[in-house]
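These numbers come from a predicted model, not from an experiment. Counting starts at 1 for both ligands and their atoms, following the listed order. Just the heavy atoms: all of them, side chains too, but no hydrogens, waters or symmetry mates, feed the values below.
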Amino acid sequence: TPDAHSQPTGRTSPLKRFGLAKESINKTFGLIKTELLEAHAILVEAKGGESGEGGGRTTVLLEKTAGIEEILARDHMKVAFFGRTSNGKSTVVNALLHDKVLPAGIGHTTNCFLSVIGVDEDKGYVIVPGSGEHSDIKSLQQLANSLHKERLSTNSLLRVCWPKEKCALLQEDVEFVDSPGIDMNPDVDDWINSHCLDADVFVLVSNAESTLMNAEKNFFHRVSERLSRPNIFILNNRWDVCVEEEPSMVEEVKQQHLENDISFLSNQLSVIDPDTARERVYFVSAKEVVTIRNRQRENQSDLGRGLHDGYKGRLLEFERFELKFKECLSNSAIKTKFEQHHSRGLEIVLELEELLNFESEQATQKNSLIQSELQEICSKQQNLNDKGHLVYQRSIQKTQSMAAELESRVQAAMEG
Ligand code: GDP
């Protein structure tokens, strides 16, 4: 649609690689299925219509293939946002979605997990937990509050469905997960088990006005203990406020944050080397990006109206983050989601090859057995033929000598 494709995430998006890889692996599994069906038909026919051991094994392989195809259809790229309450997590998600999808601001504390996925419908909705009914997107905050009260846990998840046609990122199969504030003393392991194990990228939204909190650091220590080398980006958000409040100190503050964040990712968590860590830290204003993108959508002319100086630089920094984040998301998702399907597909093909080799060897052995039996029958037949011929010859001779004797007797009688 023109709306979604006018966003810079259109046709050239690095996320396309995920879509292409998904298409290619889907095709491969389609081919595997065709080969399996053909092999199954041949094996059953060879057994005179019965399944037999070979047919049974191809049925199991076909079931495995169908299972993988089902998981493939659900596979998508997942990015999860963490940080203290009010650091701007929901605002960052809205900026990436180019729309105000999630409630953000005072009184809009996210107190349960929210997952945003793309749907084909033209209007957004929330799935009511339990009943599965669709509710208006405006009820999101109320539903989140009651879900939190009802379960008294921050671990619950609300699904937000948003029209794919409004957002290029959602068209590319990305799921966004917004979390409650990490300062809410969560059961960290519970959070990680329920929402993080299949996440491809984590975004820590920090408040540039302060340093990283221990709760934020501890959370990521636990994540990196559970997942091998998680992909973590750090967004120093509210950078517009810092620039506005401390213009003379801004470079110094930025350098301090940069060093601390790089050291956190490379030395403390040891998930990445310092040079790559530099590409994982950004200084942004999600609020400005939301404002600018809203104005762009409405075709307003003065995009920077009322924004602080330097907003263009901060927008560029956000766009740099988006590009790196998409590359990382796509690469990670291709590896985590498709690598295991690839090896399972290979296992299926090798098992089919082994089965067909075995069956063909059996058939060759049976064939040579039949050939030698045939030969035996033929030589017996020949033997019989020879014997028959001898008996026949003898009986002819006998008949001939009997005829001669008869003839001589008749002759003798006539002469007598
Ligand atoms: P969350 O609790 O982490 O999801 O935070 P929200 O996204 O709800 O944001 C909390 C408040 O901070 C809202 O009023 C936002 O408008 C505001 N906010 C978010 N990002 C920025 C930013 O970059 N700059 C400024 N000035 N305000 C921001």
Q. Atoms of ligand 1 less than 4.0 Å from Ser285 heavy atoms?
A. 22 (C), 23 (O), 24 (N)
(Q) Is it true that Asn87 and Arg238 share a donor-acceptor pair across their side chains at a distance under 3.5 Å? (A) no
Q. Does an N or O from Thr85, backbone or side chain, lie closer than 3.5 Å to an N or O of ligand 1?
A. no
Q) Can you tell me how far the CG atom of Asp183 sits from the CZ atom of Phe219, to the nearest 0.5 Å? A) 12.5 Å
Q | Contact partition for Asp240 relative to ligand 1, non-hydrogen atoms under 4.0 Å | A | side chain
Q: In plain terms, say whether Asp240 and Lys287 are close enough for a salt bridge, that is, a side-chain N and a carboxylate O under 4.0 Å apart.
A: no
Q) Where the closest heavy atom to atom 21 (C) of ligand 1 is concerned, which of Glu288, Lys287, Glu209 has it? A) Lys287
Q. Side chains of Asn193 and Arg226: do they bring a donor and an acceptor to under 3.5 Å?
A. yes
Q. For Gly181, is the nearest heavy atom under 4.0 Å from an atom of ligand 1?
A. no
Q: Considering the heavy atoms of Ser90, write down every atom of ligand 1 situated less than 4.0 Å from one of them.
A: 4 (O), 7 (O)
Q: Could you list the atoms of ligand 1 found under 4.0 angstrom from a heavy atom of Arg84?
A: 3 (O)
Q. Counting each atom of ligand 1 from 1 as listed, which ones have a heavy atom of Ala286 under 4.0 Å away?
A. 23 (O)
**Q.** Separation between CD of Glu288 and CG of Asn237, rounded to the nearest 0.5 Å
**A.** 9.5 Å
Q) Can we say Asp198 and Lys78 salt-bridge, meaning some charged N sits less than 4.0 Å from an Asp/Glu carboxylate O? A) yes
Q.
Using heavy atoms and a 4.0 Å limit, tell me yes or no: is Gly83 in contact with ligand 1?
A. no
Q. Between Phe176 and Phe81, how do the two ring planes meet: parallel, tilted or perpendicular, split at 30° and 60°?
A. parallel
Q: Please could you name the atoms of ligand 1 that Lys89 approaches to less than 4.0 Å, counting only its heavy atoms?
A: 1 (P), 2 (O), 3 (O), 4 (O), 5 (O), 7 (O)
Q) Is any N or O atom of Thr91, backbone or side chain, closer than 3.5 Å to an N or O atom of ligand 1? A) yes
Q: Please determine if Gly88 has a nitrogen or oxygen closer than 3.5 Å to a nitrogen or oxygen of ligand 1.
A: yes
Q) Going by the angle between their ring planes, with limits at 30° and 60°, are Phe318 and Phe321 parallel, tilted or perpendicular? A) perpendicular
**Q.** Asn237 N/O to ligand 1 N/O under 3.5 Å
**A.** yes
Q) Within the structure, does Val241 bring an N/O atom to less than 3.5 angstrom of an N/O atom in ligand 1? A) no
Q: For this output row, return yes or no: ring centroids of Trp239 and Tyr282 closer than 6.0 angstrom.
A: no
